[in-house]
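Notes to accompany the following structure.
Remember, it's 1-based here, ligands and their atoms both numbered in the order they're listed. Model, not experiment: these values are computed from the prediction.
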Amino acid sequence: MATIQLKAIPYELQLLHPFTIATFTRTTTPIVLIELHYEGTIGYGEASMPPYLGETQQSALQFFSKVDVAQFKFPLDFEAIHNYIDSLEPGNTAAKAALDIALYDLHGKLNKIPCRQIFEANPLLMPATSMTIGIDSIAVIKQKVLEAADFKMLKIKLGHDNDKEIIESIRAITNTPICVDVNQGWKDKNYALDMAYWLADKNVKFIEQPLPKNNLDETAWLSAKSPLPIIADEAVQRFSDINLMKDAYSGINIKLMKCTGLFEAAKMIQEARNKNLKVLIGCMNESSVANMAAAQLAPLADWVDLDGPFMIRNNPFETPVLKNGKIQLTEAPGIGVVKKNTFNSHP
Ligand code: MG
(Lines give C-alpha, C1' and ligand atoms only; values in the text may rest on other atoms or scores of the structure.)
Protein backbone atom coordinates (compact mmCIF):
# COMPACT_ATOMS: atom_id res chain seq x y z
CA MET A 1 0.00 0.00 0.00
CA ALA A 2 1.25 3.49 -0.86
CA THR A 3 2.45 5.61 2.03
CA ILE A 4 3.55 9.24 2.38
CA GLN A 5 7.30 9.87 2.08
CA LEU A 6 8.98 12.97 3.48
CA LYS A 7 11.87 14.81 1.90
CA ALA A 8 13.50 17.83 3.60
CA ILE A 9 15.59 20.46 1.80
CA PRO A 10 17.54 23.05 3.86
CA TYR A 11 17.72 26.38 2.03
CA GLU A 12 18.88 29.92 2.72
CA LEU A 13 16.62 32.81 1.73
CA GLN A 14 18.57 35.91 0.66
CA LEU A 15 16.87 39.16 1.58
CA LEU A 16 16.62 41.98 -0.96
CA HIS A 17 17.57 44.49 1.74
CA PRO A 18 19.23 43.97 5.13
CA PHE A 19 16.33 43.74 7.56
CA THR A 20 16.45 45.73 10.80
CA ILE A 21 13.85 45.86 13.56
CA ALA A 22 14.12 47.22 17.10
CA THR A 23 16.31 44.32 18.25
CA PHE A 24 18.55 43.10 15.34
CA THR A 25 19.69 43.22 11.68
CA ARG A 26 20.18 40.35 9.22
CA THR A 27 20.58 39.60 5.47
CA THR A 28 19.54 35.93 5.20
CA THR A 29 16.96 33.64 6.77
CA PRO A 30 17.42 29.85 7.04
CA ILE A 31 14.44 27.73 6.03
CA VAL A 32 13.75 24.05 5.43
CA LEU A 33 11.42 23.19 2.57
CA ILE A 34 9.71 19.83 2.76
CA GLU A 35 7.97 17.65 0.22
CA LEU A 36 5.45 14.98 1.13
CA HIS A 37 5.27 12.52 -1.75
CA TYR A 38 2.19 10.35 -2.18
CA GLU A 39 1.53 8.37 -5.37
CA GLY A 40 3.06 11.02 -7.63
CA THR A 41 1.50 14.00 -5.85
CA ILE A 42 3.70 16.38 -3.85
CA GLY A 43 2.59 18.48 -0.90
CA TYR A 44 4.94 21.38 -0.16
CA GLY A 45 5.74 22.73 3.29
CA GLU A 46 8.17 25.23 4.78
CA ALA A 47 9.75 25.98 8.12
CA SER A 48 11.13 29.52 8.29
CA MET A 49 13.52 30.03 11.17
CA PRO A 50 14.73 33.56 11.90
CA PRO A 51 17.62 32.89 14.31
CA TYR A 52 16.19 34.87 17.23
CA LEU A 53 13.32 32.39 17.55
CA GLY A 54 15.62 29.51 18.45
CA GLU A 55 14.90 26.90 15.78
CA THR A 56 17.59 25.92 13.26
CA GLN A 57 17.77 23.83 10.10
CA GLN A 58 19.39 21.16 12.24
CA SER A 59 16.65 21.19 14.88
CA ALA A 60 14.00 21.02 12.13
CA LEU A 61 15.68 18.06 10.40
CA GLN A 62 16.04 16.32 13.73
CA PHE A 63 12.34 16.92 14.44
CA PHE A 64 11.27 15.58 11.03
CA SER A 65 13.29 12.40 11.68
CA LYS A 66 11.01 11.70 14.67
CA VAL A 67 7.78 11.98 12.67
CA ASP A 68 6.33 8.80 11.23
CA VAL A 69 4.51 10.26 8.20
CA ALA A 70 3.87 6.80 6.75
CA GLN A 71 1.19 6.26 9.39
CA PHE A 72 -0.98 9.14 8.09
CA LYS A 73 -3.95 7.72 6.19
CA PHE A 74 -6.45 9.33 3.85
CA PRO A 75 -8.78 11.05 4.39
CA LEU A 76 -6.39 12.89 6.72
CA ASP A 77 -7.61 13.50 10.26
CA PHE A 78 -6.02 16.92 10.80
CA GLU A 79 -6.87 17.19 14.47
CA ALA A 80 -5.38 13.77 15.32
CA ILE A 81 -2.30 14.53 13.20
CA HIS A 82 -1.88 17.94 14.85
CA ASN A 83 -2.08 16.37 18.32
CA TYR A 84 0.39 13.64 17.39
CA ILE A 85 2.95 16.03 15.88
CA ASP A 86 2.57 18.48 18.74
CA SER A 87 3.10 15.73 21.31
CA LEU A 88 6.46 14.60 19.91
CA GLU A 89 8.45 17.49 21.42
CA PRO A 90 7.68 20.92 22.84
CA GLY A 91 8.61 23.97 20.74
CA ASN A 92 9.67 23.30 17.13
CA THR A 93 6.69 25.34 15.97
CA ALA A 94 8.17 26.14 12.53
CA ALA A 95 9.05 22.49 11.87
CA LYS A 96 5.53 21.50 12.94
CA ALA A 97 4.11 24.18 10.64
CA ALA A 98 6.08 22.78 7.68
CA LEU A 99 4.41 19.39 8.16
CA ASP A 100 0.97 20.94 8.65
CA ILE A 101 1.30 23.05 5.48
CA ALA A 102 2.54 20.13 3.36
CA LEU A 103 -0.30 17.90 4.59
CA TYR A 104 -2.93 20.53 3.76
CA ASP A 105 -1.31 21.05 0.34
CA LEU A 106 -1.38 17.31 -0.29
CA HIS A 107 -4.97 17.04 0.93
CA GLY A 108 -6.07 19.90 -1.34
CA LYS A 109 -4.30 18.44 -4.36
CA LEU A 110 -5.70 14.93 -3.86
CA ASN A 111 -9.21 16.37 -3.46
CA LYS A 112 -8.68 18.96 -6.22
CA ILE A 113 -9.69 21.91 -4.02
CA PRO A 114 -7.83 25.05 -2.97
CA CYS A 115 -7.11 24.92 0.78
CA ARG A 116 -9.07 28.14 1.35
CA GLN A 117 -12.23 26.08 0.77
CA ILE A 118 -11.44 23.91 3.79
CA PHE A 119 -11.50 27.06 5.94
CA GLU A 120 -14.48 28.61 4.13
CA ALA A 121 -12.38 31.66 3.29
CA ASN A 122 -13.96 33.78 0.57
CA PRO A 123 -11.27 35.19 -1.76
CA LEU A 124 -13.47 38.24 -2.41
CA LEU A 125 -12.91 39.26 1.22
CA MET A 126 -9.10 39.23 0.95
CA PRO A 127 -7.60 42.34 2.62
CA ALA A 128 -4.65 44.12 1.01
CA THR A 129 -1.31 42.89 2.29
CA SER A 130 1.08 45.32 3.91
CA MET A 131 4.71 45.68 2.84
CA THR A 132 7.19 45.87 5.69
CA ILE A 133 9.77 48.65 5.83
CA GLY A 134 12.51 47.90 8.37
CA ILE A 135 14.39 50.44 10.44
CA ASP A 136 16.96 52.18 8.27
CA SER A 137 18.33 55.59 7.32
CA ILE A 138 15.64 58.04 6.26
CA ALA A 139 16.95 58.01 2.68
CA VAL A 140 16.72 54.20 2.46
CA ILE A 141 13.29 54.15 4.08
CA LYS A 142 12.03 56.64 1.51
CA GLN A 143 13.53 54.58 -1.30
CA LYS A 144 11.83 51.41 0.02
CA VAL A 145 8.50 53.24 0.30
CA LEU A 146 8.79 54.29 -3.36
CA GLU A 147 9.64 50.68 -4.34
CA ALA A 148 6.52 49.51 -2.45
CA ALA A 149 4.16 51.50 -4.70
CA ASP A 150 2.15 48.33 -5.55
CA PHE A 151 1.15 47.90 -1.91
CA LYS A 152 -1.93 49.54 -0.38
CA MET A 153 -0.66 49.32 3.19
CA LEU A 154 2.80 49.89 4.67
CA LYS A 155 4.06 48.23 7.82
CA ILE A 156 6.60 50.50 9.44
CA LYS A 157 9.00 49.24 12.07
CA LEU A 158 9.49 51.71 14.90
CA GLY A 159 11.16 51.56 18.29
CA HIS A 160 14.44 53.43 17.83
CA ASP A 161 14.92 57.08 18.74
CA ASN A 162 13.62 58.75 15.55
CA ASP A 163 10.11 57.29 15.26
CA LYS A 164 8.41 60.59 14.41
CA GLU A 165 11.06 61.50 11.85
CA ILE A 166 10.50 58.15 10.10
CA ILE A 167 6.72 58.61 9.91
CA GLU A 168 6.98 62.26 8.84
CA SER A 169 9.44 61.43 6.06
CA ILE A 170 7.04 58.77 4.74
CA ARG A 171 4.05 61.08 4.98
CA ALA A 172 6.00 63.64 2.93
CA ILE A 173 5.83 61.27 -0.06
CA THR A 174 2.68 59.14 0.36
CA ASN A 175 -0.60 58.92 2.24
CA THR A 176 -0.81 55.11 1.92
CA PRO A 177 -2.28 53.71 5.17
CA ILE A 178 0.37 52.60 7.64
CA CYS A 179 0.46 50.04 10.42
CA VAL A 180 3.23 50.33 12.95
CA ASP A 181 5.22 47.48 14.52
CA VAL A 182 7.33 48.42 17.52
CA ASN A 183 8.57 44.89 18.35
CA GLN A 184 8.46 45.69 22.11
CA GLY A 185 10.70 48.70 21.51
CA TRP A 186 8.85 51.28 23.64
CA LYS A 187 9.52 50.97 27.32
CA ASP A 188 7.19 53.61 28.75
CA LYS A 189 3.38 53.44 28.62
CA ASN A 190 2.93 57.23 28.66
CA TYR A 191 5.28 57.63 25.72
CA ALA A 192 3.38 54.84 23.94
CA LEU A 193 0.06 56.61 24.52
CA ASP A 194 1.41 59.94 23.27
CA MET A 195 2.71 58.16 20.18
CA ALA A 196 -0.64 56.41 19.64
CA TYR A 197 -2.44 59.77 19.52
CA TRP A 198 0.24 61.27 17.30
CA LEU A 199 0.12 58.29 14.92
CA ALA A 200 -3.68 58.25 14.78
CA ASP A 201 -3.46 61.62 13.05
CA LYS A 202 -1.10 60.22 10.44
CA ASN A 203 -3.44 57.64 8.86
CA VAL A 204 -2.00 54.83 10.96
CA LYS A 205 -4.39 51.88 11.44
CA PHE A 206 -2.96 49.95 14.39
CA ILE A 207 0.12 49.49 16.58
CA GLU A 208 1.71 46.08 16.96
CA GLN A 209 3.49 45.04 20.15
CA PRO A 210 4.38 48.54 21.43
CA LEU A 211 5.52 47.41 24.90
CA PRO A 212 7.49 44.37 26.13
CA LYS A 213 5.36 41.24 25.99
CA ASN A 214 5.57 40.69 29.75
CA ASN A 215 4.18 44.16 30.55
CA LEU A 216 0.55 43.03 30.50
CA ASP A 217 -0.76 45.61 32.96
CA GLU A 218 0.88 48.54 31.17
CA THR A 219 -0.37 47.22 27.84
CA ALA A 220 -3.91 46.88 29.20
CA TRP A 221 -3.70 50.50 30.42
CA LEU A 222 -2.50 51.58 26.98
CA SER A 223 -5.17 49.57 25.12
CA ALA A 224 -7.94 51.10 27.22
CA LYS A 225 -6.81 54.64 26.35
CA SER A 226 -5.32 54.28 22.87
CA PRO A 227 -7.22 55.67 19.87
CA LEU A 228 -5.60 52.89 17.79
CA PRO A 229 -5.98 49.11 18.23
CA ILE A 230 -3.04 47.54 20.07
CA ILE A 231 -2.13 44.19 18.51
CA ALA A 232 -0.19 41.35 20.16
CA ASP A 233 2.59 39.65 18.23
CA GLU A 234 5.46 38.57 20.48
CA ALA A 235 2.92 38.20 23.32
CA VAL A 236 0.86 35.57 21.47
CA GLN A 237 2.41 32.51 19.90
CA ARG A 238 -0.16 29.76 20.20
CA PHE A 239 -3.84 29.17 20.87
CA SER A 240 -3.38 28.86 24.63
CA ASP A 241 -1.70 32.29 24.79
CA ILE A 242 -4.95 34.04 23.78
CA ASN A 243 -6.43 33.47 27.22
CA LEU A 244 -3.23 34.49 29.02
CA MET A 245 -3.25 37.97 27.50
CA LYS A 246 -6.68 38.70 29.06
CA ASP A 247 -7.85 42.15 27.92
CA ALA A 248 -4.41 43.67 27.34
CA TYR A 249 -4.73 43.72 23.54
CA SER A 250 -7.48 44.39 21.04
CA GLY A 251 -6.17 41.93 18.48
CA ILE A 252 -3.58 39.27 17.66
CA ASN A 253 -1.01 38.67 14.95
CA ILE A 254 -1.27 35.02 13.91
CA LYS A 255 1.73 33.52 12.12
CA LEU A 256 1.91 29.92 10.96
CA MET A 257 5.52 29.64 12.15
CA LYS A 258 4.55 30.59 15.69
CA CYS A 259 1.41 28.48 16.04
CA THR A 260 2.37 25.20 14.24
CA GLY A 261 0.42 25.84 11.06
CA LEU A 262 -2.99 26.15 9.47
CA PHE A 263 -4.90 23.83 11.79
CA GLU A 264 -4.12 25.83 14.92
CA ALA A 265 -4.21 29.19 13.11
CA ALA A 266 -7.79 28.51 12.01
CA LYS A 267 -8.72 27.67 15.61
CA MET A 268 -7.06 30.88 16.80
CA ILE A 269 -9.06 32.96 14.32
CA GLN A 270 -12.26 31.41 15.63
CA GLU A 271 -11.25 32.03 19.25
CA ALA A 272 -10.29 35.63 18.47
CA ARG A 273 -13.70 36.22 16.89
CA ASN A 274 -15.42 34.70 19.94
CA LYS A 275 -13.52 37.19 22.10
CA ASN A 276 -14.19 40.12 19.77
CA LEU A 277 -10.48 40.49 18.94
CA LYS A 278 -9.09 41.80 15.68
CA VAL A 279 -7.08 39.37 13.56
CA LEU A 280 -3.87 40.08 11.67
CA ILE A 281 -2.30 37.29 9.61
CA GLY A 282 1.46 37.78 9.52
CA CYS A 283 4.58 36.00 8.38
CA MET A 284 8.33 35.62 8.82
CA ASN A 285 10.81 35.96 5.93
CA GLU A 286 9.30 33.16 3.91
CA SER A 287 9.19 31.73 0.42
CA SER A 288 5.85 31.47 -1.39
CA VAL A 289 5.12 28.15 0.34
CA ALA A 290 4.48 29.37 3.89
CA ASN A 291 3.12 32.63 2.51
CA MET A 292 0.53 31.12 0.18
CA ALA A 293 -0.46 28.70 2.94
CA ALA A 294 -1.22 31.65 5.21
CA ALA A 295 -3.00 33.37 2.33
CA GLN A 296 -5.57 30.55 2.35
CA LEU A 297 -6.76 31.91 5.72
CA ALA A 298 -6.17 35.58 5.02
CA PRO A 299 -9.72 36.45 3.84
CA LEU A 300 -10.83 35.62 7.40
CA ALA A 301 -8.56 38.34 8.84
CA ASP A 302 -8.98 42.09 9.32
CA TRP A 303 -5.46 42.82 8.15
CA VAL A 304 -2.85 40.87 6.24
CA ASP A 305 0.92 41.15 6.41
CA LEU A 306 2.12 38.52 3.96
CA ASP A 307 5.05 40.21 2.29
CA GLY A 308 7.67 37.47 2.82
CA PRO A 309 8.16 36.44 -0.84
CA PHE A 310 8.37 40.09 -1.92
CA MET A 311 11.41 40.64 0.28
CA ILE A 312 13.69 37.86 -1.02
CA ARG A 313 15.80 37.44 -4.15
CA ASN A 314 15.96 33.63 -4.43
CA ASN A 315 12.41 32.36 -3.96
CA PRO A 316 12.37 28.73 -5.19
CA PHE A 317 8.67 29.18 -6.04
CA GLU A 318 6.81 31.67 -8.23
CA THR A 319 6.06 34.89 -6.35
CA PRO A 320 2.37 35.36 -5.45
CA VAL A 321 0.38 37.58 -7.80
CA LEU A 322 -0.59 40.93 -6.33
CA LYS A 323 -3.66 42.78 -7.62
CA ASN A 324 -4.77 46.07 -6.04
CA GLY A 325 -2.33 45.24 -3.27
CA LYS A 326 -4.08 41.94 -2.55
CA ILE A 327 -2.53 38.48 -2.89
CA GLN A 328 -4.57 36.61 -5.47
CA LEU A 329 -6.04 33.27 -4.48
CA THR A 330 -6.60 31.06 -7.50
CA GLU A 331 -8.53 27.88 -8.20
CA ALA A 332 -5.27 25.91 -8.06
CA PRO A 333 -5.60 22.95 -5.67
CA GLY A 334 -3.81 22.89 -2.32
CA ILE A 335 -1.92 26.05 -1.37
CA GLY A 336 -1.48 26.89 -5.04
CA VAL A 337 2.31 27.26 -5.27
CA VAL A 338 4.34 26.59 -8.42
CA LYS A 339 7.99 25.59 -8.15
CA LYS A 340 10.36 27.40 -10.50
CA ASN A 341 12.04 25.23 -13.13
CA THR A 342 15.38 26.61 -12.06
CA PHE A 343 15.08 25.25 -8.54
CA ASN A 344 16.52 21.76 -8.25
CA SER A 345 15.42 20.13 -5.05
CA HIS A 346 17.27 16.86 -5.68
CA PRO A 347 20.78 17.31 -4.38
MG1 MG B 1 5.47 41.96 14.64
What I'd like to find out is whether the side chain of Glu208 reaches to under 4.5 Å of the side chain of Leu280, using heavy atoms alone. yes
If the threshold is 4.0 Å, N to carboxylate O, is there a salt bridge linking Glu331 and Arg116? yes
Electrostatic pair Lys326:Asp150 at N-O distance under 4.0 angstrom: no
Which atom, among the N/O/S set of Asp233, is closest to the Mg ion (ligand 1)? OD2
To make sure I understand the geometry: which N, O or S atom in Asp181 is closest to the Mg ion (ligand 1)? OD2
Are Gln14 and Thr28 linked by a side-chain donor-acceptor pair shorter than 3.5 Å? no
Quick check on the Mg ion (ligand 1): does Glu208 put an N/O/S atom closer than 2.8 Å to it? yes
